[in-house]
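Scope of the values below: all heavy atoms of this structure, side chains included, with no hydrogens, waters or symmetry mates.
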Amino acid sequence: MTETTPQTASQAAEAEADGPRDFIRDIIKGDLASGKVSGIVTRFPPEPNGYLHIGHAKSICLNFGVAGEFGGQCNLRFDDTNPAKEEQEFIDAIMEDVRWLGFDWGDNLFHASDYFDTLYGYACHLIENGLAYVDDLNGEEIREYRGTLTEPGRNSPHRDRTPAENLDLFQRMKAGEFNDGERVLRAKIDMAHGNMNMRDPVIYRIVNKPHPRTGDAWKIYPTYDFAHGQSDALEKVTHSLCTLEFEDHRPLYDWLVEHLPVPARPRQYEFSRLNLGYTVLSKRRLTQLVTEGHVSGWDDPRMPTLTGLRRRGIPPETIREFISRLGVTKQDSVVEFSLFEHCVREHLNKAAERRMAVLRPLKVVIENFPEGEVDNLDAIDNPEDPDGGSHTVPFTREIYIEQDDFMEDAPKKFFRLSLGREVRLRYAFFITCTDVIKDDAGNIIELRATYDPETRGGDAPDGRKVKGTLHWVSASHAVKAQVRLYDHLFQEESPGAGGRDYLEDLNPGSLEVIEDAMLEPSLAGWPTGKTLQFERLGYFCADRDGTADTPVFNRTMTLRDSWAKAQKKG
RNA sequence: UGGGGUAUGGUGUAACGGUAGCACGCCGGACUCUGACUCCGUCAGUCUUGGUUCAAAUCCAGGUACCCCAGCCA
């Protein structure tokens, strides 16, 4: 995205003809067609005070997407104007996550802090023109003077200082003569404005904290409102896309751009942020989940952070696909989690290799299979991709099947194993259960069965059919593993709805750890970051916590399970 | 009598004065060496009241509901 040549308006409109459509893209098309702009520049402007989450992905996909579609450029710009909250750790993580999502800012990496000198000059410009003043009021007083939503504010007693006096004070703020909070610089607009943002907003404040990039160079920092629009202008951003809550900052954004000698005239457009069922997407809450230890960290696989989703095994293209299905509007909305699940399954069904793993093992002894013999069977890697290859699974006299796949008093609709019933072992043989062995407490501890050697590979030469197919693992070859089963972090679709503390809605069953899962041997050394399917169970990925001895797998997502659904209904 | 926004099936969206469409979900069925996948079918919507028009989700007027704003956060 570095050396992009701006296309002509008609070229861009044409190239875009069958792409996504929304009101933002319509505006851009119009601006290109009318000649209002000759090319598109957008930006993704994260504040480095937390990790990126799937809500940010919407903004990233929009900003980079639009730039790509119209032959423009999208900058990555850190909004690093508040050293009290921002850290290098977050800066590094954000870049990694944007790249992982699949976007490239090329050389266009910027920071609001790159413009601190220019911004300072702009502030002086405002002062010189009588449009800004240094206020001695403290925070509490400023709030009182601001008035309320329904009552106008009052002018600060310091509002009418001369430009010379203001310039002097502002320079002394910069020089570090005052403590945090002692003085601020305010734009002089209208204390009676219906829009609170226009009631002489603070544009510079004193923060005696080192900045991750500028170190101790500055004692004063611009506020978001003063930095953002001007940074956009300096970068020649044409369309500054942000979320709805900034809508009533737009008059201020415009006011500043109009009163400052900036090199360009950017426009701000707002769209609604993403809300997702069964999760929270506010930085405040996500930070709280991490700092209070409700999750293991920003990359806990239950977190909606990009790093959490990555560790969970969610491929980035599924996030992009999900976002693209959402559309871009100004309507507040909560997207059902099932749409996200659909996108993940749709992709993984095509892309993920299949392997077998037994989560809750039940031993089955095949009585007519010779002891000590190994039959190496061929299992296709992915039935959705028949040319994709295959791997070998060893079959022996003793195997494990899933406890759920056997039932003593099985109803007719139960297609799995039961005493006297015949099922297929995936890629292997038909077996028939001949005996059930229990311990003193009556728990089923082992099954006895016979197999039909004629059904090797999974088909009976006599054409006889079985209703059920089970996954299985050879007991002597099995690789023991820890498997982590994740569910929604919250048990309510809207955590905290109805005035509840959202933490009360935390799902106590969001993580279930299985210590003794049995994996087919080809799963030893499975690479992290390559999501696969455990047949009939779901999609999984190797976690970095695994060792050569005991791998650890995270469940990315279950398969749809109409049997479980039918059972629940009774 | 503060300001700014938004209203289309359960959910997310499309339709830009001319047959309300798509996707997810739900429900039912077919198929199946994954009770997966795939396929087929069903249900279901223009916030409300008026007005303009041959014709309104769309234009106009009045209601109603919901969201955002009183950080020296972004």
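Between the side chains of A:Ser522 and A:Glu520, a donor-acceptor pair is found at a separation under 3.5 Å.
Of the charged side-chain nitrogens involved, at least one lies within less than 4.0 Å of a carboxylate oxygen, so that A:Arg536 and A:Asp405 count as a salt-bridged pair.
At a cut-off of 3.5 angstrom, the base of B:rC16 holds at least one donor-acceptor pair with the side chain of A:Asp26. Side chain A:Glu336 to base B:rG10: a donor-acceptor pair is found below 3.5 Å. Judged by distance alone with a 3.5 Å cut-off, no donor-acceptor contact links the side chain of A:Arg325 to the base of B:rU13.
Taking side-chain N and O atoms only, A:Ser338 has no distance below 4.0 Å to OP1 or OP2 of B:rC24. In this model, the phosphate group of B:rC68 is not approached by any side-chain N or O of A:Lys330 to a distance below 4.0 Å at OP1 or OP2.
Counting non-hydrogen atoms under 4.0 angstrom, A:Arg146 reaches the backbone sugars and phosphates but no base. Residue contacts for A:Leu149: at a heavy-atom cut-off of 4.0 Å it reaches a base atom on one of the strands shown. Note on A:Ile203: nothing from the nucleic acid sits closer than 4.0 angstrom, heavy atoms only. Note on A:His249: a base of the nucleic acid sits closer than 4.0 angstrom, heavy atoms only. In this structure, A:Leu326 reaches the sugar-phosphate backbone alone: every heavy-atom distance under 4.0 Å involves primed, P, OP1 or OP2 atoms, never a base.
Nucleotide B:rG71 carries a syn base; the chi torsion (O4'-C1'-N9-C4 or O4'-C1'-N1-C2) is within 90° of 0.
In this entry B:rU48 has B:rG62 as its Watson-Crick or G-U wobble partner, both defining distances falling under 3.5 Å. Across every strand in view, B:rG2 sits in a pair with B:rC69 that passes the Watson-Crick or G-U test at under 3.5 angstrom. Nucleotide B:rG41 forms a Watson-Crick or G-U wobble pair with B:rC27, both donor-acceptor distances falling under 3.5 Å.
If A:Phe246 and A:Phe534 are placed on RNA chain B by their nearest nucleotide, the residue sitting closer to the 5' end is A:Phe534. Summary of the strand contacts: A:Leu137 and A:Lys413 both lie near RNA chain B, and taking for each the nucleotide with the nearest heavy atom, the more 5' one is attributed to A:Lys413.
Here A:Trp563 counts as stacked on B:rG35: its ring centre is under 5.5 angstrom from the base ring centre and the planes meet at under 30°.
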